[in-house]
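See below for the structure under consideration.
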Amino acid sequence: MMPMTASKTVLITGTSSGIGLAATVGAARAGWDVVATMRDPGKAGRLLAEAGAVGVGGRVHVERLDVTDADGIRSCVARTAAAHGGLDAVVNNAGAGLVGTIEVSGMDPVRAAMEVNYFGVVEVTKAALPHLRASRGRLVTVTSVGGAVGQPFNEAYCAAKFAVEGFMEALASVAATVGVRVTVVEPGAVASEFVASQRLDVRAMVADAGPYGPALHAYIERARQSFGNAQSAEAAAATIAEVLDAADPPFRVQTSEWARGFVGAKLADIDGSAVQATMAQWVGAT
């Protein structure tokens with residue numbers, strides 16, 4: 001990691017748990033002043049405790065931010081830049097999962113997923129760019145291997161992450177002309193997501209899936225098994241810290257060898273047959 005010569009400020013979204021929390025602590029330990037945002041600052045206790053435990057509590061500043069609130073985004077970004085004398089980096093991390101398939105889940109959950117996972121990223125990016133231009137800073141967005149590979153029963157989530165990747169890939173060359181470096185970070189299975197998955201009522205989900213029930217059951221069982229080798233949130237977040245301080249950050253980076261292999265297979269799969277064969281196995285198709 002490249003040593004920092006002066007304190008810089010990064011705003012990170014979705015920091016109450018998981019990768020966002022770990023990225024906040026990691027960036028603070030690397031010398032960044034971190035504006036850690038979350039929808040409910042009342043949930044900041046664990047973040048502040050972990051930051052304090054490693055001696056960087058003074059570098060972490062919690063702010064309320066709902067990425068579906070455009071006015072709130074603009075206010076938070078402006079307030080951050082004013083309070084810290086500028087903004088050197090943004091990490092778009094806030095997101096929400098959705099397990100289901102379109103015929104039975106309907107459109108409302110799809111629109112909600114797009115609001116959080118795509119439009120929220122676009123709104124934060126738009127608000128931050130003038131400040132990042134001024135600092136010649138970094139724009140880092142946590143997507144997913146699901147932003148490269150469409151996965152069963154993750155249609156809305158993958159659609160949003162695909163959209164984010166396309167948006168950032170198109171933006172990157174434009175932003176570079178004004179000194180802003182753009183990177184997408186693609187984690188695979190992360191252990192913190194497994195905790196949330198345990199609150200799912202799988203039996204009810206399978207029953208509600210109608211004709212897709214057997215496939216959903218097969219997918220959930222496969223997903224549960226995959227978390228036996230899940231990466232920790234801290235390991236995934238270490239990649240974010242590396243990108244923030246890298247002299248020449250790449251546009252796309254994965255957080256594990258498994259993620260690199262998974263995304264690499266998609267990028268080399270010209271006709272899509274390899275990915276479709278893998279996904280057929282995931283849903284128990286013969």
Side-chain angles (χ1 to χ4, degrees), residues 1-15 18-37 47-48 50-63 77 80-81 83-94 121 124-125 128-144 147 164-165 168-169 171-173 175-188 190 192 231-257 259-260 263:
M1 184 176 296
M2 191 172 69
M4 297 179 64
T5 57
S7 179
K8 294 185 179 182
T9 300
V10 57
L11 184 149
I12 305 178
T13 66
T15 62
I19 293 175
L21 186 154
T24 296
V25 175
R29 293 186 72 178
W32 290 79
D33 283 332
V34 186
V35 177
T37 74
L47 168 63
L48 295 175
E50 292 195 17
V54 294
V56 295
R59 289 191 176 276
V60 175
H61 316 276
V62 175
E63 291 278 352
V77 170
T80 295
H84 295 268
L87 183 60
D88 300 285
V90 165
V91 178
N92 286 304
N93 171 73
V121 169
V124 171
T125 297
L129 274 172
H131 306 286
L132 298 179
R133 279 195 292 105
S135 64
R136 301 183 71 82
R138 304 282 168 87
L139 175 65
V140 180
T141 301
V142 180
T143 61
S144 166
V164 168
E165 293 239 346
M168 291 299 172
E169 190 166 53
L171 176 65
S173 59
T177 67
V178 292
V180 179
R181 299 299 296 269
V182 175
T183 296
V184 294
V185 176
E186 299 171 333
V190 175
S192 64
Q231 186 178 33
S232 70
E234 290 75 18
T239 301
I240 297 172
E242 292 170 4
V243 167
L244 285 173
D245 286 343
D248 186 21
F251 168 71
R252 178 182 289 111
V253 61
Q254 295 77 41
T255 66
S256 68
E257 286 297 329
R260 278 187 282 278
V263 171

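Residues Ile19 and Ile240 have side chains in contact (heavy-atom distance under 4.5 Å, counting atoms from C-beta outward). Side-chain atoms of Thr255 and Val185, non-hydrogen and from C-beta on, do get closer than 4.5 Å to each other.
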Asn92 vs Met168, side chain to side chain contact (heavy atoms under 4.5 Å, CB included): CA-CA, chis, key distance, verdict: CA-CA 11 Å; Asn92 286 304; Met168 291 299 172; 4.0 Å; yes
Pair Leu47, Val25 - check side chain to side chain contact (heavy atoms under 4.5 Å, CB included), show working. CA-CA 8 Å; Leu47 168 63; Val25 175; 4.1 Å; yes
Where do Arg181 and Asp248 land on the side chain to side chain contact (heavy atoms under 4.5 Å, CB included) test, with the steps shown first? CA-CA 9 Å; Arg181 299 299 296 269; Asp248 186 21; 2.7 Å; yes
Walk me through whether Arg138 and Leu132 qualify under side chain to side chain contact (heavy atoms under 4.5 Å, CB included). CA-CA 7 Å; Arg138 304 282 168 87; Leu132 298 179; over 6 Å; no
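Other residues, nucleotides and ligands contribute at most 12 non-hydrogen atoms within 6.0 Å of the CZ atom of Arg29.
Distance alone, capped at 3.5 Å, is enough to place a donor-acceptor pair between the Thr15 side chain and the Thr37 backbone. Asp88 places no side-chain N or O within donor-acceptor distance of the main-chain N or O of Gly137, the cut-off being under 3.5 Å. Judged by distance alone, the side chain of Thr13 and the main-chain N or O of Ala94 form a donor-acceptor pair under 3.5 Å. Between the side chain of Gln231 and the backbone N or O of Pro187, no donor-acceptor pair lies under 3.5 Å. Panel note: side chain Asn93, backbone Val142; no donor-acceptor pair is recorded below 3.5 Å.
One distance of note links CG of Asp33 with CG of Leu87; it measures 11.5 Å at 0.5 Å rounding. Rounded to the nearest 0.5 angstrom, Thr143 OG1 and Glu169 CD are separated by 11.0 Å.
The heavy-atom pair separating Leu244 from Ala89 by the smallest distance is CD2-CB, 3.7 Å. The two residues Ile12 and Gly20 come nearest to each other via the heavy atoms CG2-O, 4.4 Å. Closest non-hydrogen pair, Val34 versus Ala28, comes out as CG2-N, 3.7 Å. Of all heavy-atom pairs between Ala259 and Gly188, the closest is CB-N, 4.1 Å. Counting all heavy atoms, side chain and backbone alike, Pro250 lies closest to Thr183 at O-OG1, 2.6 Å. Heavy-atom minimum distance, Trp32 versus Arg59: O-CD, 3.4 Å.
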